[in-house]
Number of protein chains: 2
Amino acid sequence: MPRIGMEAERRRSLIAATVDAIHEQGYCDVTIAQIARKAGVSGGLAHHYFGSKDQLLAATMRHLLHELGEGIRARLAEAHTPRARLSAIIAGNFETGQFREAVIAAWLAFYSQARTNPASQRLLRIYSARLVSNLTHSLRSFLPLPDAQLVAEGTASMIDGVWIRRALKEAPPDPEAAIRLVEDYVEAQILLHRARASGATTPQSDGGRPE
Amino acid sequence: MPRIGMEAERRRSLIAATVDAIHEQGYCDVTIAQIARKAGVSGGLAHHYFGSKDQLLAATMRHLLHELGEGIRARLAEAHTPRARLSAIIAGNFETGQFREAVIAAWLAFYSQARTNPASQRLLRIYSARLVSNLTHSLRSFLPLPDAQLVAEGTASMIDGVWIRRALKEAPPDPEAAIRLVEDYVEAQILLHRARASGATTPQSDGGRPE
DNA sequence: TTTGATTGATTGATCGTTCAATTAAAAATA
DNA sequence: TATTTTTAATTGAACGATCAATCAATCAAA
């Protein structure tokens with residue numbers, strides 16, 4: 001029963017269905033027919049609105065990137081100290097709604113697939129560069145530039161690592177535990193680099209009781 | 001020109017070709033024909049030795065897991081203090097030969113694909129559990145169990161995160177930088193948790209100069 | 001009547017898999 | 001040694017299934 005103005009709704013539900021289908025079937029085995037059925041439409045309609053399977057998948061990835069970016073931007077708008085901005089970025093990366101099994105599965109698939117798809121690769125690189133840039137900027141309040149860059153890269157790595165390891169776990173995602181892990185890293189790095197800078201000889205854990 | 005005793009050599013070169021093909025074509029688009037051509041044999045031979053495409057891919061994943069495990073085991077055999085064992089595990093995860101573009105691409109693909117393949121999932125989980133267990137055990141020399149478990153999980157996350165971020169970079173892999181990043185995390189965590197345990201009030205970086 | 005939404009059958013290409021046929025090394029036999 | 005037999009290696013053509021993509025036809029709101 002065709003009503004007019006269906007396009008926006010259909011695009012939305014097809015993209016949502018794509019995320020779920022990737023979760024259930026795996027990126028490689030997902031078919032247009034399955035996605036369409038899950039969205040409650042025919043396979044032909046998916047092509048009508050997205051042109052091709054590749055474009056539907058690309059649109060889905062852009063959607064996830066956009067949602068994640070929006071969440072972080074919203075949190076940053078409320079954060080008024082460098083330390084609060086760091087926490088905003090970290091928490092934004094584990095926001096419920098993003099940090100869900102199906103979304104994690106899709107992200108992982110896109111990461112893998114982007115390696116051989118220049119357009120996807122470009123998008124992920126831009127997002128990643130902005131993340132590291134934001135982190136570096138906030139960290140500059142606590143650390144000299146070289147250290148800030150190192151810790152920013154480390155923070156980004158740990159965020160991605162927590163995501164990828166989530167994909168293998170069976171227990172439901174635990175955003176709070178994830179945030180704690182990354183916050184611990186940032187906090188410890190700030191304190192340690194500061195201690196080093198304040199002239200103390202670099203402490204070594206090597207002196208720990210041997211085996 | 002059939003010589004006898006080709007099986008071992010053919011299996012080896014087909015697995016190597018699979019890694020390269022995943023690197024070049026992407027996991028989803030890889031075909032038996034491409035892999036076989038890269039290995040210098042016909043498509044039929046791949047089926048003769050591996051039975052099916054799925055089994056060839058599974059064998060390739062097992063091969064990568066085995067190689068990585070062997071490298072770490074060799075390093076652990078030379079490490080005689082808990083701290084050295086931590087470093088052995090970390091360095092083993094970034095050994096040249098493993099930490100290469102093609103291998104990274106394959107790992108990423110297997111991680112993604114394992115989500116919908118119970119057999120692959122099981123293998124990755126076992127490997128991951130052993131990694132965390134080894135880390136926890138060595139960290140127990142420096143930290144109480146709950147902290148050791150937390151830091152072990154953090155270390156594993158950062159290792160995986162560095163791997164996945166490698167997949168998006170264009171510069172060649174830099175094992176030393178990767179190792180430094182993870183070592184910094186472990187070192188800082190040990191020092192920080194120790195400071196906390198020694199009765200000092202938990203230091204806060206919040207006092208840093210504001211924006 | 002026009003227009004956008006929607007379908008489902010069809011097409012064409014791709015690819016995993018199978019298999020009968022071929023090759024040449026090794027083993028057995030003369 | 002020469003000849004035959006056996007056996008493993010290897011190929012490439014053929015089959016069958018799966019899909020992405022197309023398109024003509026239908027439907028109902030404007």
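Remember, it's a predicted structure, so these values are computed and weren't measured experimentally.
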Between [X] ([atom1]) and [N] ([atom2]), how many Å, whole number?
| X | N | atom1 | atom2 | result |
| --- | --- | --- | --- | --- |
| B:Ile35 | C:dT17 | CD1 | P | 11 Å |
| B:Ile4 | C:dA26 | CD1 | P | 5 Å |
| B:Met6 | D:dT11 | CE | P | 12 Å |
| B:Leu14 | C:dG16 | CG | P | 14 Å |
| A:Leu45 | C:dA5 | CG | C1' | 7 Å |
| B:Gln25 | C:dT14 | CD | P | 14 Å |
| A:Arg37 | C:dT7 | CZ | C1' | 15 Å |

Is the shortest side-chain N to carboxylate O distance from A:Glu187 to A:Arg180 below 4.0 Å? no

Between the side chains of B:Arg83 and B:Ser87, does any donor sit under 3.5 Å from an acceptor? yes

Partners passing side-chain contact (heavy atoms from CB on, under 4.5 Å) against A:Ala36 (at least two apart in sequence or in another chain): A:Val41

Run the ring pair (Phe, Tyr, Trp, His ring centres under 6.0 Å) test against A:Tyr111 and tell me which residues pass, sequence neighbours left out. none

Between N or O atoms, less than 3.5 Å apart, protein on one side and nucleotides 18-23 of chain D on the other: list the pairs.
unit_1	atom_1	unit_2	atom_2	d
D:dA20	OP1	A:Lys53	NZ	2.8
D:dA20	OP2	A:Ile32	N	3.1
D:dA21	OP2	A:His47	NE2	3.0
D:dA21	OP2	A:Lys53	N	2.8

Any pair counted as salt bridge (charged side-chain N to carboxylate O under 4.0 Å, His left out), so long as it reaches residues 10-21 of chain A, sequence neighbours left out: A:Glu7-A:Arg11

Distance-only donor-acceptor pairs under 3.5 Å for side chains of residues 57-71 of chain B, two or more places apart:
unit_1	atom_1	unit_2	atom_2	d
B:Thr60	OG1	B:Leu56	O	2.8
B:Glu67	OE1	B:Gln98	NE2	3.3
B:Glu70	OE2	B:Arg73	NH1	2.5

Considering every strand and a 4.0 Å limit on heavy-atom distances, what is the contact class for B:Phe50: base, sugar-phosphate, or nothing? nothing

With no hydrogens and no angle check, is any side-chain donor or acceptor of A:Arg122 less than 3.5 Å from a backbone partner on A:Ala119? no

I want to check something: taking the side chain as every heavy atom from C-beta on, are A:Phe110 and A:Ile22 in contact at a cut-off of under 4.5 Å? yes

Angle between the two end axes of the helix from C:dT1-D:dA30 to C:dA30-D:dT1, five base pairs per end, rounded to 10 degrees? 10°

Surrounding CZ of B:Arg125 (heavy atoms of other residues, nucleotides or ligands, distance under 6.0 Å), is the total greater than 12? yes

